[in-house]
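This report refers to the structure that appears directly beneath it.
All values reported here derive from a predicted model rather than from experimental measurement. Whatever order the structure lists ligands and atoms in, that order sets their numbers, starting from 1.
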Amino acid sequence: MSTQYIYSFNEGNKNMAAKLGGKGANLAEMTQLGLPVPAGFTITTDACIRYLNKDQQLWDSLKEDIKHHIQLVEQDLGKEFASVSNPLLFSVRSGAAISMPGMMDTVLNLGLNDETVKGLALSTNNERFALDSYRRFIQMFGDVVKGVSSDKFEKALETVKKEANATEDSELHINHLNTLIDEYKKIYENEVGCPFPTDPFDQLFQTVESIFKSWNNERARIYRNLHDIPHDLGTAVNVQSMVYGNMGDTSGTGVAFTRNPATGENDLYGEYLINAQGEDVVAGVRTPKDIHGLKEQMPDLYDEFKHIATKLETHYKNMQDIEFTIENGRLFILQTRNGKRTAQAAINIAVDMYDEKLISKEEALMLVDPHTLIQLLHPTFDEKVLENVPVLAKGLAASPGAVSGKIYFHSEDSVVASESGEKVIIVRQVTSPEDLAGMVAAEGILTAQGGMTSHAAVVSRGMGKCCVAGASQLLIDDELKTMRIGNRTFYEGDVISLDGSTGCVYEGALPCVEPTFTGKFKQFMDWVDEVRTLGVRANADTPKDTAAALNFGADGVGLCRTEHMFFNDERITAVREMILAHSLEERETALAKLLPFQEEDFYGMFLELDDLPITIRLLDPPLHEFLPHTEEETMQLAKHLGKSTDEVRDRMITLHEVNPMLGHRGCRLAVTYPEIYRMQTRAIIQAAIRAQAKGIDVKPEIMIPLVMDVKELKYVKDHVIAEAEMVLSEQNKEVEYHVGAMIEVPRAALLSNEIAEESDFFSFGTNDLSQMTFGFSRDDAGKFLAEYEEKGIIERSPFGAIDEHGVGELLQMSINRARSTKADLKCGICGEDGGDPASIAFFDKIGYTYVSCSPFRIPVARLAAAQSAVTNKNHN
Ligand code: PEP
Ligand code: MG
């Protein structure tokens, strides 16, 4: 059977968005519901794809088909396209499956020329209206289809208005409009190089072609890249008979939401204009009136519209954004779609619609986009203010929040400034563990390099701090302590603002709005927890982060990165002493200094967690990360340890690795220096005994990172267990603890059935696993990934969202193999994608027990898990 490329509105339905686009599917659905939709048809996305990939011009049979569908509309309405007596005119709009700004705008009044305009004047008995429609059409066609700047037409309009002594467009008379039409045609011919097309069919075919082409224009491609929309979907084209809102005082046009999109309040929200066409409302040339004004002006129409709005909302089970036109006292619905809304409104609408018995609890859960919940947890910049502030630079929206502060370029300077009461934004090329103190002191973090899983991004999200990463326009001079953006130079202490939810950087301070939680938020999140089956834990390294995570509803801690506890003045010195030790004895002395700090941290976290579990990962990074970077620091350290600078330098040279991420790190460190993991185990068990004495049912899970083989795990685990048992027998106590492996090396994922023999649990570190499976450095891949996405080689970065096709396959296989050894082995995810809604759905589907993510993503992950449960239930 040959492909059907065109559907009349009365053939389709709302489930056909992939073919008809969102707009087309809804027009069809509304037609089926018997609503007053002007007749028309939709040319499918398949036609667009064929046009772009194969023909690159409209093929004959498609043109014939378009003509056939025009005839159907003609029969329906008793008007004729291209007729000089009673002409049928069309609006033509693009409409992809996923709502997507950036493609071609609408063309209205298509079909007018010097002859048909006379017919329109006759049939409407309104010559002024006909001429006004014609001049608008020439402008729109020129601008939208041929790219002629609107300014040129606007200038001509202004000149004619001046000559006519008119302030409003509506004051122009017939002769002025005729002059304007001539002017517009001249502008068109000058700019395009050929006369304005007079044949309505030609006008239509050219418009359809340019809509198809606009799928690939730059704005559209950028938008799709930003929102992970595939590039091969194509757009549909909706061809709809015109109705007129500009036929006098009994006509008008408007846009309304069925509920308030900012607050969720259950009341129509929108605006309208009498005697106007759609673009007048959007263009802001005339100030529209509040929709409630229509109640006084046209009470019957208002009631009819309200009735239809309710019908649409009930039908779609979602708040609707509706466009309408009134032509000579008759209401037409031009478009409906699910209305965009703030997170606050989304929650309120979901709960209200459940209370109003319009939707079930499950449906309510599906009405809120998990990503948007983050908006409710952080302060944001005042949107009204942002409208008038230029963006200075743009990077990745690495960790949400909004902050204004003074810039500092070094960790130490940030600490000093923060101690003296400044609000600090630390600016670095990239951050490393060395910068942690500065990051803790700062309110916001800005880097010129690095992606969504760079150190800056991961640590900021963990701390719930605003971060813009990889703002590549920044030229940072560390020595001079300056940052250049274009031809502007910013110095230490200058004030800037960061928006971690958009990646935008602004100059100066901006006012913030603090988050407020309403009762409905809690109510909604209670439903989330009722429904989800996937656990959601937090990546947290301090009691403070743990408390924040629990406040956001975490089921425990899924990853405590113990090395984060090593970076502060007192500790780092002991760590360095341990690294520079010459003998086991010296090393143990240094480790003994670290023990009380670690124990205190774990104790603090146990107290916060109460009876909830915690997975504590033993030391992971290569040792060189803890050593000083500057000559001055090296000298200071040598002095402090009573060693020569040369000796310290030599040790640094010995520790240097060409590829440290694949070097002496993770459990490999413990194979060489088991005493490090022994000290950490002792700290965990001693803290657990103390917490247990306070009545807490402690549940430590000791995790060994970067395992690649069961024998390696067994060697390290034996040390861990020996130390744990030693502490317990010293104190004559019992603590239930578990020892498990972190699966983040492809070999371990493959051999998970063997490794499971020696593991009480698994946690999959998908950051390293993705890095090693792709062979892409997670710290450097940002440099080329954008190009990969742009060239369609990969759809999106594999860091922060799981690559289901490759890494996902490995996870699926690994979990199956592990559970062939231990059927109920607890398997978690603790990479960054543990906080990504689409990845969460995938992890849930393939059988993971829990995901773990940074505290501020906990509500997002909980909702994503609940939505996954609803989806899975609906599919089973
Ligand atoms: C991982 O590799 O996924 C992980 C959680 O560990 P890290 O990010 O600390 O390497
Ligand atoms: Mg890792």
Q: Determine, step by step, whether Phe764 and Tyr848 satisfy the ring-ring contact (aromatic ring centres under 6.0 Å, His included) criterion, reporting the C-alpha distance in whole Å, the side-chain angles of both residues, the deciding distance to 0.1 Å, and the verdict.
A: CA-CA 10 Å; Phe764 286 71; Tyr848 277 88; 5.3 Å; yes
Q) Which is it for Ser763 and Leu559 under the side-chain contact (heavy atoms from CB on, under 4.5 Å) test, yes or no, and what are the steps along the way? A) CA-CA 9 Å; Ser763 179; Leu559 176 64; over 6 Å; no
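From Thr546, atom OG1 reaches atom CG of Asn551 across 12.0 Å, with rounding to the nearest 0.5 Å. Between the CZ atom in Arg862 and the SG atom in Cys853 there is a gap of 10.5 Å [rounded to 0.5 Å]. Between the CZ atom in Arg819 and the CG atom in Leu825 there is a gap of 6.5 Å [rounded to 0.5 Å].
Ring geometry, Phe626 versus Phe566: the interplanar angle falls from 30° to 60°, so the pair is classed tilted.
Of all the heavy atoms of Arg778, the ones lying under 4.0 Å from any atom of ligand 1 belong exclusively to the side chain. Only the side chain of Leu559 comes within 4.0 Å of ligand 1, judged by heavy-atom distances. Here Arg561 has side-chain heavy atoms under 4.0 Å from ligand 1, and that is the only part of it that gets that close.
One side chain, Ser852 or Asn539, offers a donor N or O that lies under 3.5 Å from an acceptor on the other. Between the side chains of Asp844 and Ser868, at least one donor N or O lies within less than 3.5 Å of an accepting N or O. A donor atom on one side chain and an acceptor atom on the other are found under 3.5 Å apart for Thr431 and His455.
Asp768 has its closest N, O or S atom to the Mg ion (ligand 2) at the position named OD2. The closest approach of Glu744 to the Mg ion (ligand 2), by N/O/S atoms, is made by OE1.
Close contacts between ligand 1 and Cys830 involve ligand atoms 5 (C) [criterion: under 4.0 Å to a heavy atom]. Near Gly831, with a cut-off below 4.0 Å to any heavy atom, the atoms of ligand 1 are 3 (O).
Closest to atom 4 (C) of ligand 1, if we only count protein heavy atoms, is Met742 CE, 3.4 Å. Atom 6 (O) of ligand 1 has its closest protein heavy atom at Arg617 NH1, 3.0 Å.
Residue contact annotation: Asp620 places no N/O/S atom under 2.8 Å from the Mg ion (ligand 2).
The shortest separation from a heavy atom of His564 to ligand 1 is not under 4.0 Å, leaving the residue out of contact. The shortest heavy-atom distance from Glu832 to ligand 1 is not under 4.0 Å.
Between Glu563 and ligand 1, a contact under 3.5 Å exists for no N or O pair.
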